[in-house]
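Structure, as structure tokens:
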Amino acid sequence: MGEFTTTIERRLCQAKRGLDEARSVGDDYLADTLTAEIEDLRRLADDHGVLLTR
């Protein structure tokens with residue numbers, strides 16, 4: 001499960017950085033897309049009992 005958790009955390013980190021960048025340049029579509037991805041990753045982690053550290 002370690003690699004699964006690491007992958008989810010890595011993808012969350014990337015999505016959060018992308019979201020910050022999208023917001024800073026005013027790209028609402030990308031911000032909405034990344035927000036949905038973050039929600040999906042959090043749901044996936046929750047479904048599998050993964051406690052997120054970030």
Side-chain angles (χ1 to χ4, degrees):
M1 189 79 130
E3 187 173 338
F4 180 72
T5 300
T6 301
T7 300
I8 288 178
E9 288 181 343
R10 186 178 311 123
R11 288 183 58 196
L12 270 170
C13 186
Q14 291 170 343
K16 287 177 183 179
R17 278 195 307 258
L19 178 58
D20 289 342
E21 186 174 329
R23 286 178 175 162
S24 73
V25 298
D27 189 338
D28 294 334
Y29 177 76
L30 182 56
D32 288 345
T33 301
L34 290 168
T35 298
E37 181 178 353
I38 290 167
E39 291 169 358
D40 288 343
L41 287 166
R42 289 184 183 275
R43 191 175 313 114
L44 182 65
D46 188 51
D47 288 349
H48 291 276
V50 174
L51 297 175
L52 299 172
T53 59
R54 302 176 197 177

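What you see below is based on every heavy atom in this structure, not just the backbone, and it leaves out hydrogens, waters and symmetry mates. This chain uses plain numbering: 1 for the first residue, then up along the sequence.
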Atom pair [atom1]/[atom2] of [X] and [Y] - distance to nearest 0.5 Å:
X: I8; Y: L44; atom1: CD1; atom2: CG; value: 4.0 Å
X: L41; Y: K16; atom1: CG; atom2: NZ; value: 10.0 Å
X: L12; Y: T7; atom1: CG; atom2: OG1; value: 11.0 Å

Tell me, yes or no, whether the heavy-atom count around Q14 atom CD, taken from other residues, nucleotides or ligands under 6.0 Å, exceeds 12.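 Yes, CD of Q14 has more than 12 neighbouring heavy atoms, counting only those of other groups under 6.0 Å.
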Tell me which one of R17, R23, E21 satisfies side-chain contact (heavy atoms from CB on, under 4.5 Å) with L19.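 With L19 as partner, R17, R23, E21 yield a single side-chain contact (heavy atoms from CB on, under 4.5 Å), made by R23.
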Indicate the atoms forming the closest heavy-atom contact of L51 with E9, along with that distance.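 In terms of heavy atoms, the two residues are closest at O-OE2, 4.2 Å.
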Listed partners of L30 passing side chain to side chain contact (heavy atoms under 4.5 Å, CB included), at least two apart: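 A22, D27, L34.
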Residues that R11 engages under salt bridge (charged side-chain N to carboxylate O under 4.0 Å, His left out), provided they are two or more places apart: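 Checked R11 against salt bridge (charged side-chain N to carboxylate O under 4.0 Å, His left out); matches are E37.
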Counting C-beta onward and ignoring hydrogens, is there a side-chain heavy-atom pair between R43 and D40 closer than 4.5 Å?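 In short, these two side chains touch, coming nearer than 4.5 Å.
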